[in-house]
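Shown next, in structure tokens, is the structure this report addresses.
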Amino acid sequence: MESGPAIFVGTVFALFGGALLAWTAVRLRQGEPVAHGVSRVASATLASVAGTGALALGMWCFTRA
């Protein structure tokens, strides 16, 4: 019964992290900025770290389920 919330939260984090990484990759391939008004390298790095962190957190939640 307690694994339900862990599975839900793991799914949310995994979807968010995957979508953020995919969106960042598409923006970089198109040569467009990831965030307006910020260095392209800094914004891509921060978005990649956040996406990877969200994926890792989602996987950790799945191991707790």
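The shown structure was predicted, so the numbers you read here are calculated from the model rather than taken from an experiment.
- Arg40 and Gly31 make their closest contact through NH2-CA, 3.6 Å (heavy atoms, listed as atom of the first residue, atom of the second, distance).
- Of all heavy-atom pairs spanning Phe13 and Leu57, the tightest one is CZ-CD2, 3.4 Å.
- Taking every heavy atom of both residues into account, Leu21 and Ser48 meet most closely at CD2-O, 3.7 Å.
- Rounding to the nearest 0.5 Å gives a distance of 9.5 Å between CG of Leu46 and OG1 of Thr24.
- Phe16 CZ: 12 or fewer foreign heavy atoms inside a 6.0 Å radius.
- Between Gly51 and Leu20, the closest heavy-atom pair is N-CD2, 3.5 Å.
- Leu28 and Val38 fall into different hydrophobic clusters, where Ile, Leu, Val, Met, Phe, Trp and Tyr side chains are chained together by heavy-atom contacts under 4.5 Å.
- Annotation: side chain of Val26 is not in contact with side chain of Glu32 (no heavy-atom distance under 4.5 Å).
- Cys61 and Val9 make their closest contact through SG-CG1, 3.9 Å (heavy atoms, listed as atom of the first residue, atom of the second, distance).
- Closest non-hydrogen pair, Thr11 versus Ile7, comes out as OG1-O, 2.8 Å.
- Here Leu55 contributes atom CG and Leu15 contributes atom CG; the two are 9.5 Å apart, rounded to the nearest 0.5 Å.
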